[in-house]
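Have a look at the structure below, then the notes.
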Amino acid sequence: MQEQYNHSTVEAEVQAFWDQQDAFAVTEDESKEKYYCLSMFPYPSGKLHMGHVRNYTIGDVISRFQRMQGKNVLQPMGWDSFGLPAENAAIKNNVPPAAWTDQNIEDMRGQLKKMGFAYDWSRELATCKPDYYRWEQWFFLRLFEKGLVYRKKATVNWDPVDNTVLANEQVIDGRGWRSGALVEQREIDQWFLKITAYADELLTDVQKLEEWPTQVRTMQENWIGRSEGVELEFGIEESEEVLSVFTTRPDTLMGVTYVAVAAQHPLALAAAENNPALTEFIDSCKNAKTAEADLATMEKRGMPTGKYAIHPLTGETVPVWVANFVLMSYGSGAVMAVPGHDERDWEFAQTYGLPIKQVITADHGDVVDVSEAAFTEKGRLLNSGGFDGLTSEEAFDAIAELLKSEGKGRKTINYRLRDWGVSRQRYWGCPIPIIYCDECGAVPVPDDQLPVELPTEVVFDESGSSPIKQMPEFYETSCPKCQGAARRETDTFDTFFESSWYYARFTGPDNDQSMLDQRADYWLPVDQYIGGIEHAVLHLLYARFFHKLMRDEGLVDSDEPFTKLLTQGMVLCDTYYTENDKGGQNWIAPKDVSVERDSRGQIVKSTITATGEEVTSAGMSKMSKSKNNGVDPQQLIETYGADTLRVFSMFAAPPDQSMEWSDTGVEGANRFLKRVWRMVQEHVSSGPALELDKASLSDELKALRQKLYQTLNKVTDDMSRRYTFNTAIAANMELINEIAKFKDSDAATISVRQEALEIAVLMLAPIAPHICQVMWEALGHDDALIQHSWPEVDEQALVQSSVQLMIQVNGKLRGKIDVDVDADDETVKALAQANDNVQRFIEDKAIRKVIVVKGRLVNIVVG
């Protein structure tokens, strides 16, 4: 063991040892309890950032700890490698996305290996490779056969200059990211998966996710959005048409004063045919991209269609308006408007002078004035004919029954969830395996022709649109049914498609005969899944959906993909900026800023180190390119080593909370590791340790062993149950401080110190595996630490022979005594009164009583 800790040498040697031993490769073993730990795989951008480091360190710590528990641990790594960033980079750098992606994967794989993550690299996969996406094409066709896949027109973002569909991320302030043209909403044919067919099960099974964060479970429930209500029909005056609406508040039906439809609703489009003003308004809605999340805060705009709807119960007519707050993609694209009892409807009615009618009053008798604001609570009905006096709950059933009897409505369950549109009009994605024939329609690609491979040697034109749409050698083909001329689908899958089942493919990525095999039943579900809260809805929902689809296809035998979920917090860092001539911010990297702080640590002045120019501190913010406050992990690995970076990442905050970056914190982690190294080096140089003779130990050494096993108990709980790795590290730091006090070289001290250092190294091994492997060898072991079991507690060492009691006089602390744990109350009382300091407060005073709280304190009451 070298005298000085050299992280570069240590980490290179240990990583080479792991590679030689193939230390992290794992196979199925029925004799062991399996443990599948998975961190969400990265997009291969080419460079690790601190978010990656934190996420993957958390997973690695958990995996290594579980391995030390004797479990058969699978921890794989792969690449979410299709998608828009590669396509954009290809256009910008004139490099094919495949080449750009492959180079980035190679770079990031090397960085991950330098962090010492215990991945089974034999299972590595990349979603852009045909041996992976072949099986999702196959699976898509199985769903197609089952009727769970369909094609219909859907609204997309259309750039009229580049003549291409844009992803939401490519629309900036309503304009195309390349052309700057105003983006339009167009309807084109899209492929959909029927996720709504599983809506009820997806919602019900949220209750099974007992080890998911409550926040994530709630977000899943809200996104699915199950609501019980009534589907009812309004007639259209002077027409055979009917307008279908869904409402969760049929008790307010008698308060309808208008009906609102989406700009793309057929009724609106028909009304606009001879109405130029309405056409212009519909076009303005069409070109204004409206997200559902914006509906509550956006300005409510509308225009009458000139048509009237017929109330299903009263027969009265109410006007039909086109409104920008109604989305064609949500429900039927039409809503019954009750401005007296809905805030959105009330705001619209106020804007356009529409009637506001009260039909619900407060059940508790408070005065309600709907001219001032909508009354949205449930209560009792009034102005509702024969339903007056009923509670909202009673009226729900009564009105629903009447509508049903007249054939104008029925109770139903509705979901906020919409079918998943999986088509993307982009190049860098998995080709959708469909062939279009003028005679046969949409025809599945035969299994023996899979995969439909994406051409990788491509050239983008100036528009940036998908090059395969200009490649007849790709899309021109023959129909598998009639052998006539046909064309391939040139749309590609949404990249969520790939990331919805990758966790399952890791169980058998080498299988070229089937999507999954019996190994999936051994490893699944994933025991611990780790990733950011930004994936709490779509990715996790789609993965849950895919898992149920795979179950129903007989590919897996479980209902849910992930048993336990951990959503790690963000990595925050200081931000600094200067203002430019236009009032904007030029963000300055923290490494380029010198900071002066006051005695409380608050920044009083910050300047650019090179120039002395003063900059403004904008506080802590998530590390990002936009604010230029990222920290390069590669530089830190070179300067301090991967173990230092791992220790700091786990010590700075609990994994589910945001972590504040601190250069001094990194330096502190490095000093701690150097200190442990130095202690081990000094210890082993003092000679070999003899077998521990527990019976002959001094009280001080017994106390050290007690502290050792108390720490082991705490760290075991922190690592296994609580996942508070920061407190586990802190407990080890305290233990190291205690060990450092014992510098004697007698046999008993050396033996106890040997035991304490061995256990400390084992406890730190999941967090700082490189340095711990070398220290483990220095302590006399020739086995691989990765294969060693977690230490066991010596219960006898925790048994206390004495206990310290606080001595109070009239409730105030006046002294402390150590007494035998078995001492009776009379002995304790006598020892307490004999304490020198206590004597000062009780002499010449009458002792009224002495209270003993066993194991804690003695209170002497004098007067």
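By convention here, the first residue in the shown sequence is residue 1.
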Between Tyr132 and Trp79, is the ring centre distance below 6.0 Å? no

Is the Phe506-Trp523 ring centre distance short of 6.0 angstrom? no

With ring-ring contact (aromatic ring centres under 6.0 Å, His included) as the rule and sequence neighbours excluded, what pairs involving residues 668-711 come up?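 Listed by first then second residue: Tyr5-Trp677.
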
According to the ring-ring contact (aromatic ring centres under 6.0 Å, His included) rule, which pairs have a member within residues 711-740, sequence neighbours left out?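 Listed by first then second residue: Tyr723-Phe725.
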
Taking salt bridge (Lys or Arg N to Asp or Glu O under 4.0 Å) as the cut-off, I'd like each qualifying pair that reaches into residues 106-117, sequence neighbours left out, listed once. Arg109-Glu124

Residues in ring pair (Phe, Tyr, Trp, His ring centres under 6.0 Å) contact with His7, at least two apart in sequence or another chain: none

Qualifying residues under side-chain hydrogen bond (donor to acceptor under 3.5 Å, both in side chains), relative to [X], sequence neighbours excluded:
X: Gln15; answer: His770
X: Asn6; answer: Thr9
X: Thr27; answer: none
X: Glu734; answer: Lys707

Option among Asp643, Ile786, Leu785 that satisfies the side-chain contact (heavy atoms from CB on, under 4.5 Å) test with Pro769: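 Result: among Asp643, Ile786, Leu785, Asp643 is the only option passing the side-chain contact (heavy atoms from CB on, under 4.5 Å) with Pro769.
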
Would you check if [X] and [Y] make a side-chain contact, meaning some heavy-atom pair closer than 4.5 Å?
X: Tyr502; Y: Leu38; value: yes
X: Tyr35; Y: Gln528; value: yes
X: Val571; Y: Lys622; value: no
X: Asn713; Y: Asp717; value: no
X: Tyr56; Y: Pro42; value: yes
X: Asp527; Y: Lys564; value: no
X: Gln754; Y: Leu779; value: yes
X: Leu565; Y: Pro213; value: yes

Regarding [X] and [Y], do their side chains bring together a donor and an acceptor under 3.5 Å, going by distance alone?
X: Ser696; Y: Asp693; value: yes
X: Thr724; Y: Asn726; value: no
X: Ser649; Y: Thr57; value: no
X: Glu758; Y: His781; value: yes
X: Asn72; Y: Tyr36; value: no

Gln4 atom CD: more than 12 heavy-atom contacts under 6.0 Å: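 No, not enclosed.
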
Crowding at NZ, Lys71 (>12 non-hydrogen neighbours, <6.0 Å): yes

Ion pair [X]/[Y], N-O distance below 4.0 Å:
X: Asp632; Y: Lys47; answer: yes
X: Asp510; Y: Arg505; answer: no
X: Lys129; Y: Asp102; answer: yes

side-chain contact (heavy atoms from CB on, under 4.5 Å) between Met650 and Val61, worked out: CA-CA 9 Å; Met650 296 300 94; Val61 170; 4.2 Å; yes

What distance do [X] atom [atom1] and [Y] atom [atom2] have between them, rounded to the nearest 0.5 Å?
X: Leu112; Y: Met115; atom1: CG; atom2: CE; answer: 8.5 Å
X: Arg646; Y: Ile767; atom1: CZ; atom2: CD1; answer: 8.5 Å
X: Leu524; Y: Asp557; atom1: CG; atom2: CG; answer: 8.5 Å
X: Ser658; Y: Leu572; atom1: OG; atom2: CG; answer: 4.5 Å

Which residues pass the side-chain contact (heavy atoms from CB on, under 4.5 Å) test with [X], not counting sequence neighbours?
X: Ser514; value: Asn511, Asp517
X: Pro561; value: Tyr503, Arg544, His547
X: Gln21; value: Phe17, Ala23
X: Lys714; value: Asp718, Arg722, Thr727, Ala731

Side chain of [X], backbone of [Y]: donor and acceptor closer than 3.5 Å?
X: Thr639; Y: Leu636; value: no
X: Asn629; Y: Ser621; value: yes
X: Gln75; Y: Ala118; value: yes
X: Asn732; Y: Ala728; value: yes
X: Tyr119; Y: Leu74; value: no
X: Asp744; Y: Thr749; value: no
X: Ser81; Y: Cys128; value: yes
X: Arg123; Y: Val26; value: yes
X: Arg54; Y: Gly569; value: yes
X: His49; Y: Gly51; value: yes

What's the verdict on side-chain contact (heavy atoms from CB on, under 4.5 Å) for Gln706 and Gln710, showing C-alpha distance, side-chain angles and the deciding distance? CA-CA 6 Å; Gln706 183 183 65; Gln710 287 172 342; 3.7 Å; yes

Verdict with reasoning, Ile58 to Ile62, per side-chain contact (heavy atoms from CB on, under 4.5 Å): CA-CA 6 Å; Ile58 291 168; Ile62 293 171; 4.0 Å; yes

Is there a side-chain hydrogen bond (donor to acceptor under 3.5 Å, both in side chains) between His52 and Gln111 once you walk through the steps? CA-CA 11 Å; His52 290 136; Gln111 291 175 314; over 6 Å; no

What pair of heavy atoms forms the shortest contact from Pro766 to Trp790, and how long is it? CG-CZ3, 4.1 Å

Assess the residue pair Leu712 and Val793 against the criterion (side-chain contact (heavy atoms from CB on, under 4.5 Å)); give the C-alpha distance rounded to whole Å, side-chain angles, the decisive distance to 0.1 Å, and a yes or no. CA-CA 7 Å; Leu712 177 57; Val793 173; 3.7 Å; yes

